[in-house]
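Just below is one structure, and these are the notes that go with it.
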Amino acid sequence: MAFEELKESISEAEASAKSYIDSSTEFYKLKAFKLLMKGVTGFAQAAFIGIAVVLSLLFLSVAAGFWIGAELENTALGFLCVGGGYILLGILVFVFRRSLVKPLMARFSELYFEEI
């Protein structure tokens, strides 16, 4: 009789363990799917915004080049000024790159370790 109860307890424990493993597997599948979808949608949004910003910057740069060229009565000089502005901006970003990394790292860490 005690042997039958022990056998039944072991059987129930085995069923509970199997149920727990199945539930855990499903949970992690859903969590992985959620993270994957957040990544895909985030990438799509970033790509769309990035393309829009680059195209806007391109058209604004061309317009600024023509405008500065008209003011200086030399179109090439206008485009040279716009290019020089971008080189100056690039140098500033390079010089202050370490102070730009910390806020980005904090933001991405916050997104990565966000609870479900």
Side-chain angles (χ1 to χ4, degrees):
M1 190 160 207
F3 183 69
E4 289 296 321
E5 288 177 15
L6 182 61
K7 187 177 177 183
E8 193 173 303
S9 272
I10 291 173
S11 181
E12 288 175 9
E14 182 182 349
S16 293
K18 184 172 178 9
S19 173
Y20 173 75
I21 290 171
D22 290 342
S23 297
S24 294
T25 303
E26 289 300 314
F27 171 76
Y28 286 114
K29 282 182 184 177
L30 287 172
K31 188 172 183 175
F33 178 75
K34 179 185 176 190
L35 288 174
L36 178 68
M37 285 295 100
K38 280 181 89 173
V40 167
T41 56
F43 177 76
Q45 287 175 348
F48 178 73
I49 291 170
I51 290 170
V53 167
V54 166
L55 285 174
S56 299
L57 193 58
L58 174 71
F59 285 117
L60 288 173
S61 297
V62 169
F66 278 120
W67 180 73
I68 293 171
E71 293 294 318
L72 297 175
E73 297 177 0
N74 187 346
T75 307
L77 198 56
F79 283 105
L80 206 61
C81 288
V82 172
Y86 283 125
I87 289 174
L88 182 63
L89 182 66
I91 290 171
L92 287 173
V93 168
F94 179 77
V95 168
F96 295 110
R97 70 186 179 278
R98 295 199 194 279
S99 62
L100 295 173
V101 168
K102 288 181 183 179
L104 286 174
M105 188 75 90
R107 177 69 179 139
F108 284 119
S109 296
E110 182 181 300
L111 289 174
Y112 182 75
F113 294 111
E114 181 181 273
E115 291 295 319
I116 291 178

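In this structure, I51 shares a hydrophobic cluster with L55, the cluster being traced through Ile, Leu, Val, Met, Phe, Trp and Tyr side chains under 4.5 angstrom apart.
Under the 4.5 Å side-chain heavy-atom criterion for Ile, Leu, Val, Met, Phe, Trp and Tyr, V40 and F43 are members of distinct hydrophobic clusters.
S24 places none of its side-chain heavy atoms less than 4.5 Å from the side chain of F27.
By the neighbour-count criterion of 12 heavy atoms within 6.0 Å, atom CE of M37 is densely surrounded, having more than that number from other residues, nucleotides or ligands. In R97, the CZ atom is crowded: over 12 heavy atoms of neighbouring residues, nucleotides or ligands sit closer than 6.0 Å.
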Pairs of donor and acceptor atoms involving the side chains of residues 67-91, under 3.5 Å and at least two apart or interchain, shall be tabulated with distances.
from, atom 1, to, atom 2, distance (Å)
N74, OD1, A76, N, 3.2
Y86, OH, S61, OG, 2.3

